[in-house]
Novice: 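To start, I am sharing the structure in question, which I have written as structure tokens.
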Protein chains: 2
Amino acid sequence: MSCGTSLSEWHPHVKADMYSPAMSLHYALLGLLAEAPASGYDLTARFGEVLGHIWPARHPAIYGELGRLAEDGFIELESEGPRRRKAYRITPKGLEEVRAWLTAGEVDHTPRLEPLLRSCFFWLMEPEDLRAYLDREAEYFRSLVEKYTSYAAAKDHGEFGTGARVQSLRVTVEAGIRLYQALADWSDWAARVPPAQPDPEDGIETNR
Amino acid sequence: MSCGTSLSEWHPHVKADMYSPAMSLHYALLGLLAEAPASGYDLTARFGEVLGHIWPARHPAIYGELGRLAEDGFIELESEGPRRRKAYRITPKGLEEVRAWLTAGEVDHTPRLEPLLRSCFFWLMEPEDLRAYLDREAEYFRSLVEKYTSYAAAKDHGEFGTGARVQSLRVTVEAGIRLYQALADWSDWAARVPPAQPDPEDGIETNR
DNA sequence: ACATGACATGTCATCTCTGACATGTTTACT
DNA sequence: AGTAAACATGTCAGAGATGACATGTCATGT
């Protein structure tokens with residue numbers, strides 16, 4: 001082992017972080033329903049369009065969570081529409097729930113980004129493959145920056161109104177722009193890091 | 001519904017992205033074992049120290065995946081040590097597996113960042129709570145930038161050697177620095193966005 | 001001789017999400 | 001009148017991860 005915290009700190013009978021793995025959908029749905037009543041179908045669409053780029057969710061997860069939320073009194077049936085459509089409305093209890101999360105909930109700061117995980121293992125790649133990969137990535141990140149930038153510009157010209165919800169979305173988009181810009185710059189930077197010397201310490205062949 | 005792609009594109013019988021939810025641990029373990037043989041305990045420690053800040057994993061998941069990996073011939077028993085310790089070594093098949101992932105696997109670019117999800121719902125918070133939250137976040141992100149920066153400086157002074165694996169880690173750390181810097185700047189920026197007007201379009205009270 | 005703590009591996013109930021499958025309803029075009 | 005497409009909701013087996021629980025091994029100090 002290299003540098004390190006003692007393992008037994010976490011191991012035997014210690015209460016861990018208690019960070020909820022994906023209670024996120026629970027709050028995400030409440031947050032969306034705080035805007036306006038919606039059906040599972042509507043919510044699925046919203047995940048497909050915008051939120052899903054940050055926090056993916058498919059319809060089985062959504063319908064399932066909707067059922068649980070209703071059971072627990074965080075939301076309630078608002079109306080039944082034409083094709084079996086069921087729209088839900090958030091209850092005061094639900095609104096309190098999501099607000100408590102926002103102001104008092106533990107924040108998980110882990111950046112679960114697959115490209116970052118991959119970067120730990122770049123040393124296993126051939127230099128030319130790595131180079132090609134990083135170029136592709138930089139390109140892709142730049143295209144996202146462009147996409148979000150144009151959305152932000154439209155918003156700043158008042159195209160979607162000036163309400164609080166739109167303003168929140170604008171803030172989220174700004175995060176996207178800055179994050180993807182950072183990732184694009186990082187990819188460019190990484191592509192210019194010289195390939196390493198073969199590592200003497202281990203038996204596995206590194207990138208030649 | 002607002003702007004949007006037709007839902008039926010994904011719905012009826014279309015093959016979805018097939019993006020693997022967390023096949024990531026499978027590859028992460030292979031990547032770590034490509035460096036040197038290790039036991040479940042060692043690998044758990046490494047997740048706790050470094051990798052876990054990017055991709056968390058607890059010991060039950062690790063021991064479980066290790067078993068599957070061995071069953072499938074991606075890794076093999078290297079040695080049995082003092083206290084039931086079992087160290088595994090990656091096989092040629094396993095090395096091929098992780099390399100194929102790195103060079104040919106689909107990349108999932110979704111930034112699963114809880115702070116970003118939260119930002120979609122900032123409009124539900126009281127302005128002063130939001131302000132306090134953003135200040136705390138900015139502070140925290142800055143502390144991470146500092147931490148990773150000092151690590152990078154140590155590395156650049158040759159403190160951990162110059163091997164390929166260390167160089168990869170340096171690249172990952174650079175991503176962390178840039179990402180957290182972007183997030184710190186974003187938090188500062190967001191704290192200075194003026195609170196929105198009450199939104200006329202819906203019935204739920206927004207931040208006053 | 002024995003207790004303690006670090007080392008080390010495992011099981012299990014439970015939770016969440018996913019892809020595949022299944023189904024019913026309404027509109028629009030031909 | 002018929003059929004295709006969009007609208008809309010659901011079930012289910014299975015994968016993957018988690019916290020809690022359980023157990024066994026070795027070194028050290030008393």
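All values reported here derive from a predicted model rather than from experimental measurement. Just so we're on the same page: letters track the sequence lines, and every chain starts at 1.
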Novice: More than 12 non-hydrogen atoms from neighbouring residues, nucleotides or ligands closer than 6.0 Å to CD on B:Glu76, yes or no?
Specialist: yes
Novice: Would you call A:Glu174 and A:Arg170 a salt bridge, using N to O less than 4.0 angstrom?
Specialist: yes
Novice: Kindly say if A:Tyr63 contacts the phosphate of D:dT9, meaning a side-chain N or O under 4.0 Å from OP1 or OP2.
Specialist: yes
Novice: Flag the pair B:Phe74 / B:His26 as yes when their ring centroid distance falls below 6.0 Å, and as no otherwise.
Specialist: yes
Novice: Are B:Arg68 and B:Glu65 ion-paired here, with the side-chain N under 4.0 Å from a carboxylate O?
Specialist: yes
Novice: Go through C:dG19, C:dA8, D:dT9 for me and flag the one nearest to the A:His59 side chain.
Specialist: D:dT9
Novice: Using whole Å, report how far CD of B:Glu78 lies from P of C:dA8.
Specialist: 14 Å
Novice: CZ of A:Arg58 versus C1' of D:dG10: gap in Å, rounded?
Specialist: 17 Å
Novice: In whole Å, what is the span from the CG atom of A:Leu51 to the P atom of C:dC17?
Specialist: 13 Å
Novice: Out of D:dC12, C:dC17, D:dA17, which nucleotide sits closest to the side chain of A:Leu25?
Specialist: C:dC17
Novice: Under a 4.0 Å threshold between the charged nitrogen and the carboxylate oxygen, would A:Asp42 count as salt-bridged to A:Arg85?
Specialist: yes
Novice: Ignoring backbone atoms, establish whether A:Tyr41 has a side-chain N or O less than 4.0 Å from OP1 or OP2 of D:dC7.
Specialist: yes
Novice: Using atom CZ of B:Arg112 as one end and atom P of D:dA17 as the other, report the distance to the nearest whole Å.
Specialist: 12 Å
Novice: State, to 0.1 Å, how close A:Cys120 and B:Thr172 come at their nearest heavy-atom pair, and which atoms those are.
Specialist: N-OG1, 3.4 Å
Novice: If you only use heavy atoms from C-beta on, which nucleotide in D:dT9, D:dG19, C:dG10 is closest to the side chain of B:Lys86?
Specialist: C:dG10
Novice: Whole angstroms only, please: what is the CZ-P distance between A:Arg68 and C:dC17?
Specialist: 7 Å
Novice: Just how far, in rounded Å, is P of D:dG10 from CZ of A:Arg85?
Specialist: 12 Å
Novice: Regarding B:Lys155 and the six-membered ring of B:Phe160, is the cationic atom NZ or CZ under 6.0 Å from the ring centre and inside 45° of its axis?
Specialist: no
Novice: Is the shortest heavy-atom distance from the side chain of A:Gln181 to the side chain of B:Arg178 under 4.5 Å?
Specialist: no
Novice: Of all the heavy-atom pairs spanning B:Ala34 and B:Leu95, show the shortest one and how long it is.
Specialist: CB-CD1, 3.9 Å
Novice: Report the distance from atom CG of B:Leu66 to atom C1' of D:dA17, rounded to the nearest whole Å.
Specialist: 15 Å
Novice: Given D:dA20, C:dT18, D:dT9, identify the nucleotide with an atom nearest to the side chain of A:Ser39.
Specialist: D:dT9
Novice: Quantify the bending of the helix from C:dA1-D:dT30 to C:dT30-D:dA1 as the angle between its end axes, each fitted on five pairs, to 10°.
Specialist: 0°
Novice: Check the distance between C:dT16's P and A:His26's NE2 and give it to me in whole angstrom.
Specialist: 9 Å
Novice: Can you tabulate the close N/O pairs, meaning under 3.5 Å, that link protein atoms to atoms of nucleotides 25-29 of chain D?
Specialist:
| from | atom 1 | to | atom 2 | distance (Å) |
| --- | --- | --- | --- | --- |
| D:dC26 | OP1 | B:Pro82 | O | 2.7 |

